[in-house]
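Okay, structure first, notes after.
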Amino acid sequence: MKRIGIVDTTFARYDMAADAISEIKGSVTGIKIIRRTVPGVKDLPVACKRLLEGEDCDIAMAFGMPGKEEIDKVCAHEASQGIITAQLLTNKHILEVFVHEDEGKDEKELAWVCERRAREHAQNLLKLLFHPEKLTRDAGTGQREGFKDAGSLKKGKHS
Amino acid sequence: MKRIGIVDTTFARYDMAADAISEIKGSVTGIKIIRRTVPGVKDLPVACKRLLEGEDCDIAMAFGMPGKEEIDKVCAHEASQGIITAQLLTNKHILEVFVHEDEGKDEKELAWVCERRAREHAQNLLKLLFHPEKLTRDAGTGQREGFKDAGSLKKGKHS
Amino acid sequence: MKRIGIVDTTFARYDMAADAISEIKGSVTGIKIIRRTVPGVKDLPVACKRLLEGEDCDIAMAFGMPGKEEIDKVCAHEASQGIITAQLLTNKHILEVFVHEDEGKDEKELAWVCERRAREHAQNLLKLLFHPEKLTRDAGTGQREGFKDAGSLKKGKHS
Amino acid sequence: MKRIGIVDTTFARYDMAADAISEIKGSVTGIKIIRRTVPGVKDLPVACKRLLEGEDCDIAMAFGMPGKEEIDKVCAHEASQGIITAQLLTNKHILEVFVHEDEGKDEKELAWVCERRAREHAQNLLKLLFHPEKLTRDAGTGQREGFKDAGSLKKGKHS
Amino acid sequence: MKRIGIVDTTFARYDMAADAISEIKGSVTGIKIIRRTVPGVKDLPVACKRLLEGEDCDIAMAFGMPGKEEIDKVCAHEASQGIITAQLLTNKHILEVFVHEDEGKDEKELAWVCERRAREHAQNLLKLLFHPEKLTRDAGTGQREGFKDAGSLKKGKHS
């Protein structure tokens, strides 16, 4: 049975983990989900690594909502570097699902993108675990999680 | 008996570690606190790692007060990266408790946020150690340590 | 038989991996190519490391197309750092083949540079694997992958 | 007998290591100092690690004087990250003693701050080695190495 | 017999490695030089590490010429971080010899600084290997590789 680690924060203003868990449970059976919550995004890397190693999870998701200030951008960058290092030290994927607080024009749009991104990345996680060939089918097609897909480039002889 | 490592700096202009220790001791019994002080924030990562490994602490807190200048921001960033790496190498949490010297409009407000942040993160540490389910109960609710909580996003169909 | 790992993303808007595979297969025989696709560039480092270690690849290519926004530049930077760390932990080369979405004046030029860069780096990979002396022959000659080569500096006594 | 590693650069325009060694030797006896010099600040991390591991030093100091240009700031940042990593890999302290070339209004002031910072950090090193409780006594008191101490925050109810 | 690793790029517009090898061979005998060439600066870290470990080199030089654009500065930064990490993982020195394409006012001056920097760093390498005491003799004297030395600070009581 595959084991999925889910880590999120009390700092975030939307419960993306709940949406992701709902999406996963609505899509597959026979998996085990282990959830942890930490204060902020900088606590995510070690929390994920503990699930991947101590709880023997096969993959993890890290949810965060960095604030609008410059200092928040720096925190998000530090967290991202840590999440990449955690993956390299475990040889397992951690899908980083961050929504920056300035991505939406208002709170409603922000909540909407949170849910969409959480659910679409939950589907990415299931593909990584069970159907990696489906990701390759979409290689280079400009997929976006949350907002509208960018699509493939229009080709042709460039002028 | 759980062992908690506390590291702070002589550079900081407020003794946050004392507030955190007071908060921890006022909340639980039967824990051991080991404190170390280093010159500046860039000395925090290895000092925490030494407590987590050499002194077998279960968790640590790293207190710092970066200055207002650009160079101070860079130092804080380097320290934060190091604190994240220290966690990944030990598989233990280090709660970073930094108050930037430009976070307050005057020294009094700065001292006030130092105490609040130190005490609230001390409570976070106790939850991580003893009641992780309490953090999950607050997942996605916009908790802030020090200033006012941001709260959850107002949801609804975005226009 | 040499084994080559190829990793790309669904975020990219052009299928550079296909061009690289076509270039490799058109140039040599008796090699094994293993391809994986991940959501975005930050997922590339661990995906490459898994191919280099778990699938025993001798070398890998990491394809990505970072977007135009500041946040995309930060993601690309994080991915690049991770790709370098993955190489240091495996002692194997990973050729990073990124085309930034703002490198072309329109979609056609962007698609054109994607194909050129993918194919030229595929040739670099073959040189690294089979003919390293050919790279040394071009040392310091201002090679560029995609756009026009910069060429060697004009020497002479500087004024 | 405690062993202290000292590393500095030929790039720096002031011999801070000499001042630090003079300060250490004037303060304690029965210690062994091992000194190495490297070209620039980016060579400091591995030089320190070699002293901590190969020469079994208990602690090290890394002296550098980054230049005024943007590129120099980046070099200093890279060196600092490396010095932090070197500490995490050895579980030993390395006190980074950098004076930026734009910290003084003229060469004389710069030389003055170099000497003060070198000597004050030499005292920090001796406290870390022999009297860690003295550092804790100064925790949160706004100590500065070189220029005037910032002091503790004035407390009170913030308005 | 000491073994020296030399790595450079096809991206660079000047063959600094050739100058460094000429300088080394003109200065000492009884050493073995092993040279590798990679596409760009981000490929340097692992190439150096492979020479230090797989080819048992005692020390390495990494030559690169980052371009003028912002993206080139980021690449150089990533490469530098990787080169520092490679040193920390091998406990051996890698002298980074980068000339930024905007360091010269024209191509002739750029070529001139390339040769000077390559040769002066080759001498630094020989000192690190055979005469480390010569570097300490120059500690804090403002040495520069390429352009004119900055010299020691003028001391005196600052006003």
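Hydrogens, waters and symmetry mates are skipped; everything else that's a heavy atom, side chains included, is used. Chain letters run A, B, ... following the sequence lines, proteins first, then strands; residues in each count from 1. Predicted model only: the values in this text are computed from it and were never measured.
- By the 4.5 Å heavy-atom criterion applied to side chains, C/V38 and A/H93 are counted as neighbours.
- Interface residue C/M65: only side-chain heavy atoms are found under 4.5 Å from chain A.
- Counting all heavy atoms, side chain and backbone alike, A/L88 lies closest to C/A86 at CD2-CB, 3.8 Å.
- Closest of all the heavy-atom pairs between A/T136 and C/T37 is OG1-OG1, 2.9 Å.
- For C/E115, no part sits under 4.5 Å from any heavy atom of chain A, backbone or side chain.
- Across C/A47, C/A18, C/C75, C/A17, the residue that shares the most heavy-atom pairs under 4.5 angstrom with chain A is C/A47.
- More than 12 heavy atoms of other residues, nucleotides or ligands lie within 6.0 Å of CD in C/E55, so this atom counts as buried by the packing criterion.
- With rounding to the nearest 0.5 Å, the separation of CG in A/N124 from OG1 in C/T10 is 6.0 Å.
- With C/R13 contributing its side chain and A/G151 its backbone, the two residues share a donor-acceptor pair below 3.5 Å.
- No more than 12 heavy atoms of other residues, nucleotides or ligands sit less than 6.0 Å from atom NZ of C/K134.
- Only the side chain of C/I71 comes within contact range of chain A, with heavy atoms under 4.5 Å apart.
- Residues A/Q143 and C/F11 have side chains not in contact (no heavy-atom distance under 4.5 Å, counting atoms from C-beta outward).
- With rounding to the nearest 0.5 Å, the separation of CG in A/L153 from CG in C/L110 is 5.0 Å.
- A/K42 is linked by a salt bridge (charged side-chain N to carboxylate O under 4.0 Å, His left out) to A/E78, B/E96, counting only residues two or more places apart in sequence or in another chain.
- Considering every non-hydrogen atom in both C/P39 and A/E145, the closest pair reads CB-OE2, 4.5 Å.
- Counting heavy atoms from C-beta outward, C/K49 and A/N91 have side chains that approach closer than 4.5 Å.
- With a 6.0 Å radius and a threshold of 12 heavy atoms from other residues, nucleotides or ligands, A/E69 has its CD atom at or below the threshold.
- Contacts of C/E101 with chain A are made by side-chain atoms alone, with heavy-atom separations under 4.5 Å and no backbone atom involved.
- Listed by chain and number, the residues in a ring-ring contact (aromatic ring centres under 6.0 Å, His included) with C/H77 are A/H77, E/H77 (sequence neighbours excluded).
- With a 4.5 Å cut-off on side-chain heavy atoms, A/L95 and C/D43 count as touching.
- One distance of note links OG1 of A/T141 with CG of C/D15; it measures 9.0 Å at 0.5 Å rounding.
- For A/I83, no part lies near chain C; criterion is any non-hydrogen pair under 4.5 Å.
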